[in-house]
Amino acid sequence: MKRQFRLLLTMAVLLIMISGYACAQGEKALIIKNKVNLRDAPSIKGKIQCHVYKGIMLEVIGREKDWIKVKNFQGESAYVNASLVKVLKPSPIPSHLFKDNSDYSPYGDIRDDRYCCGNLTIYVKGNYIIFSTMWMRYDYDSKCDRILPAEYNDIIAVKSGGQVIFKYLLGYTETSFNAYEWDPATVSARELLKNGDICPIGKDEWQSIKEDDVVFYNEEMKVMCIGGVAYSMDKPTM
């Protein structure tokens, strides 16, 4: 009996120790400083993998003392000092954010010597939501300073059970299809897939968004994450 009690006590202590390094499901790290180093080890002596900029959001996969373990844009494990990020938990997305043809700005100042600014435009098509992101750049180094996988993204998501789930990308085929004038009541998503007007997400390794990823929103900071970038959702831009 005493042996069983000691075994249970040991297991409980181990679980408590492990939980100290665990992270809540769906957490993201919001970069709050410019040109932050991602390292391959939880130490300032760790090798620098790449730089990320204020407003970038990365998936949190763990914690080690003063370091947050994240996934970089190549899907590799990396570490960032906890003082350089704000760890956010997902919140339900308020329905009022989905106003047709509304524009939002990136969180913070992501401008630097390589990148200019960007914006997010939301289009509402029945149960579908189109997130259109556009960026302008002077230079692009996919190995060292990767921020987004493309110059622009047009992503179609669907509302389901209180969540908004990424599903398709616009296909950009040589057709007359205009996603911003699309009426799902007359042309189904299945028809668009068949015609090549849209395509499933996640077919290319470089895409930071995968099919069935849930759109991340945090009510405390009022930010939404699209393609690894945080957008301020407190008020639309005009």
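The structure presented is a predicted model; accordingly, all values stated were derived computationally and were not measured. Position 1 is the first residue of the sequence; numbering continues from there.
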Quick one: do [X] and [Y] end up in the same hydrophobic cluster if we chain Ile, Leu, Val, Met, Phe, Trp and Tyr together by side-chain heavy atoms under 4.5 Å apart?
X: Ile156; Y: Tyr180; result: yes
X: Leu84; Y: Val87; result: yes
X: Ile48; Y: Tyr53; result: no

Sequence neighbours excluded, which residues qualify as ring pair (Phe, Tyr, Trp, His ring centres under 6.0 Å) partners of Tyr128? Trp182
Might you work through the side-chain contact (heavy atoms from CB on, under 4.5 Å) test for Met57 and Ile31, ending with a clear yes or no? CA-CA 6 Å; Met57 297 189 79; Ile31 306 297; over 6 Å; no
If every non-hydrogen atom of [X] is compared with every non-hydrogen atom of [Y], which pair is closest and at what distance?
X: Ile165; Y: Ser160; value: CD1-CB, 4.0 Å
X: Ile226; Y: Phe166; value: CD1-CZ, 3.8 Å
X: Ala230; Y: Val223; value: CB-CB, 4.3 Å
X: Leu88; Y: Met221; value: CD2-CG, 3.6 Å
X: Cys225; Y: Val215; value: O-CG1, 4.5 Å
X: Ala41; Y: Gly46; value: CB-CA, 4.1 Å

Test side chain to side chain contact (heavy atoms under 4.5 Å, CB included) applied to [X] - qualifying residues, sequence neighbours left out:
X: Ser188; result: Arg190, Glu191
X: Ile32; result: Leu30, Lys86, Tyr107
X: Val124; result: Phe98, Asp100, Ile122
X: Lys69; result: Ile61, Ser77, Tyr79

With distance as the sole criterion, is a donor-acceptor pair present between the side chains of Ser232 and Asp234 under 3.5 Å? no
Below 6.0 angstrom between ring centroids: does that apply to Tyr231 and Tyr104? no
Please examine the side chains of [Y] and [X], heavy atoms only from C-beta on, and report whether any two atoms are closer than 4.5 Å.
X: Val229; Y: Thr133; answer: no
X: Arg63; Y: Glu27; answer: yes
X: Val164; Y: Val214; answer: no
X: Met224; Y: Ile93; answer: yes
X: Val60; Y: Ile68; answer: yes
X: His51; Y: Lys35; answer: yes
X: Leu120; Y: Asp103; answer: no

Sub-3.5 Å donor-acceptor pair from the side chain of Asn37 to the main-chain atoms of Arg39, do we have one? no
Residue list, side chain to side chain donor-acceptor pair (under 3.5 Å) with [X], at least two apart or on another chain:
X: Asn72; answer: Gln49, Glu76
X: Ser132; answer: Asp154
X: Lys159; answer: none
X: Glu219; answer: Tyr217, Lys222

Residues that Lys125 engages under salt bridge (charged side-chain N to carboxylate O under 4.0 Å, His left out), provided they are two or more places apart: none
Tyr123 vs Asn101, side-chain contact (heavy atoms from CB on, under 4.5 Å): CA-CA, chis, key distance, verdict: CA-CA 5 Å; Tyr123 302 92; Asn101 202 16; 3.5 Å; yes
Could you walk me through whether Ile44 and Trp67 pass the side-chain contact (heavy atoms from CB on, under 4.5 Å) test, one step at a time? CA-CA 10 Å; Ile44 58 172; Trp67 295 82; 4.1 Å; yes
Apply side-chain contact (heavy atoms from CB on, under 4.5 Å) to the pair Leu170 and Asp197, showing each step before the final yes or no. CA-CA 6 Å; Leu170 298 194; Asp197 296 317; over 6 Å; no
Interatomic distance, CD@Glu59 vs CG@Asp213, rounded to 0.5 Å, equals 8.5 Å
